[in-house]
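Below, all heavy atoms of this structure are taken into account, side chains as well, without hydrogens, waters or symmetry copies. Everything quoted here is computed from the prediction, not taken from an experiment.
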Amino acid sequence: MKFNQSTRFLKDELAGCLEKVRECSVLFKEEDIKNYEVRELLENMEKRLDNYISKMDNLIQFDDEKYTIVQFLNEVLKMEYNGILDYTMYASLVKDPALASDLKKFGASEGMHALLVADMIKNLGGVPQFNPPKYRREKRLSVLEMLEEHKRGEVEAVELLERGMKRFSDPEFQYFIGKIRLDEQEHLKEVERLMKEYKELHAIIEVKDYRWRDDYAGDEKDRPWIE
Ligand SMILES: [Fe+2]
Ligand SMILES: [Fe+2]
């Protein structure tokens with residue numbers, strides 16, 4: 001946002017300069033000055049300033065919308081990463097192979113979404129933010145409770161994507177987000193199906209504390225490649 005504010009300020013300053021140049025050109029004529037170099041200089045300045053201002057006008061309007069879309073997409077990216085981590089983590093913890101395979105499939109689908117969203121952010125000139133996942137506390141839960149967690153995650157995903165579709169009317173964006181929303185709606189249906197299928201399963205899943213940790217690399221100060 002700071003950038004947009006500064007560019008707006010710069011554009012206003014340039015517009016002020018252009019006004020001054022035009023004022024000088026009028027006086028140049030009125031006072032019948034015979035210096036042709038000065039006349040050429042004023043004409044060049046007027047053309048260039050005019051050109052800069054109209055270019056900035058287009059870019060600033062565009063940037064405002066793009067900036068907000070990038071912010072939104074980074075929010076989506078964060079959600080996808082949480083999905084990747086949760087599905088993958090639970091897939092490795094549940095004993096039932098069919099359930100583990102379904103959870104892995106969801107995780108892979110969220111991974112594909114994360115790639116697409118990161119690409120879209122880059123195409124818009126933004127920087128994908130790879131936020132670390134939410135911190136998870138140690139817990140014990142049933143398969144049904146685990147699936148309920150996923151259900152909440154999928155409902156949140158659909159709601160977030162729908163908020164984006166309401167806010168941004170760009171057709172390319174609508175198509176892009178609309179496709180991801182369809183996948184999330186499909187995940188939601190599948191998770192609900194699994195909830196029915198496994199409601200009698202009383203197995204307990206144990207989740208260990210986890211957060212991003214790099215045991216191999218140690219602290220930043222111990223890393224020889226970081227100056
Ligand atoms: Fe997703
Ligand atoms: Fe999903």
Side-chain angles (χ1 to χ4, degrees), residues 1-8 56-91 102-137 139 141 143-196 207 210-212:
M1 282 325 257
K2 262 188 182 171
F3 173 78
N4 267 358
Q5 279 164 1
S6 292
T7 41
R8 266 201 198 102
M56 284 183 88
D57 254 346
N58 295 335
L59 290 172
I60 289 168
Q61 282 168 8
F62 200 40
D63 267 348
D64 257 354
E65 179 77 353
K66 270 213 279 196
Y67 182 76
T68 331
I69 291 184
V70 166
Q71 272 183 316
F72 171 77
L73 290 174
N74 268 319
E75 187 73 33
V76 174
L77 196 55
K78 192 161 57 173
M79 177 195 77
E80 299 295 358
Y81 271 95
N82 275 311
I84 297 169
L85 276 145
D86 275 350
Y87 280 124
T88 316
M89 178 185 77
Y90 286 120
D102 276 336
L103 295 175
K104 253 186 252 170
K105 258 189 272 164
F106 293 138
S109 171
E110 311 301 10
M112 187 49 71
H113 292 163
L115 269 178
L116 292 170
V117 172
D119 275 349
M120 180 79 165
I121 292 174
K122 281 193 270 178
N123 289 343
L124 288 165
V127 182
Q129 303 291 317
F130 298 105
N131 290 300
K134 280 182 255 171
Y135 173 59
R136 268 80 171 163
R137 292 195 181 283
K139 62 181 167 184
L141 73 177
V143 166
L144 194 61
E145 283 167 334
M146 179 270 289
L147 289 170
E148 269 164 6
E149 251 184 34
H150 288 312
K151 184 182 166 180
R152 278 196 296 277
E154 296 297 348
V155 169
E156 272 171 33
V158 172
E159 283 173 359
L160 175 67
L161 297 171
E162 281 175 355
R163 280 203 298 279
M165 291 177 81
K166 264 190 211 144
R167 170 69 178 72
F168 308 108
S169 55
D170 178 76
E172 199 191 338
F173 174 87
Q174 288 275 330
Y175 178 70
F176 177 76
I177 288 297
K179 273 206 308 191
I180 297 183
R181 184 190 56 167
L182 277 181
D183 286 349
E184 308 300 6
Q185 283 170 330
E186 199 51 42
H187 294 170
L188 182 58
K189 263 196 250 161
E190 283 286 297
V191 170
E192 282 171 341
R193 176 184 66 76
L194 291 172
M195 285 171 76
K196 278 187 203 138
V207 179
Y210 87 87
R211 68 177 114 191
W212 175 255

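Contact record, Val191 with Tyr87: CG2-OH, 3.8 Å, taken as the closest heavy-atom pair. For the pair Leu77 and Gln129, the tightest heavy-atom approach, listed with the atom from each and the gap, is CD2-O, 3.6 Å. In terms of heavy atoms, Phe176 sits closest to Leu73 at CE2-CD2, 4.2 Å. Contact record, Phe72 with Ile177: CE2-CD1, 4.2 Å, taken as the closest heavy-atom pair.
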Show me the donor-acceptor pairs within less than 3.5 Å that the side chains of residues 160-168 make with the rest of the protein, sequence neighbours left out.
unit_1	atom_1	unit_2	atom_2	d
Glu162	OE2	Arg181	NH1	3.3

### Query
Should Glu184 and Glu80 be marked as a side-chain contact (heavy atoms from CB on, under 4.5 Å) after you check the CA-CA gap, both sets of side-chain angles, and the distance that decides it?
CA-CA 10 Å; Glu184 308 300 6; Glu80 299 295 358; 3.2 Å; yes
#### Entry: salt bridge (charged side-chain N to carboxylate O under 4.0 Å, His left out) between Arg152 and Glu149, intermediate numbers included
CA-CA 5 Å; Arg152 278 196 296 277; Glu149 251 184 34; 5.1 Å; no
### Task
Could you walk me through whether Val127 and Val70 pass the side-chain contact (heavy atoms from CB on, under 4.5 Å) test, one step at a time?
CA-CA 8 Å; Val127 182; Val70 166; over 6 Å; no
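The side chain to side chain contact (heavy atoms under 4.5 Å, CB included) test with Ile84 is passed by exactly one of Met112, Met79, Glu110, Met89: Glu110.
Between Met146 and Leu103 the shortest side-chain heavy-atom distance falls below 4.5 Å. Counting heavy atoms from C-beta outward, Lys104 and Thr88 have side chains that stay 4.5 Å or more apart. Residues His150 and Phe106 form no side-chain contact, since every pair of their non-hydrogen atoms from C-beta on lies 4.5 Å or further apart. Side-chain contact between Lys78 and Asn82 is present, with at least one heavy-atom pair separated by less than 4.5 Å.
Under 4.0 Å is where a charged nitrogen must lie from a carboxylate oxygen, and between Glu192 and Lys189 no such pair does.
The side-chain contact (heavy atoms from CB on, under 4.5 Å) search around Lys122 returns Asp119, Pro128, not counting sequence neighbours.
The closest side-chain donor-acceptor pair between Glu190 and His187, if any, does not fall under 3.5 angstrom.
We find the CZ-CG distance between Arg193 and Leu147 to be 10.5 Å, quoted to the nearest 0.5 Å.
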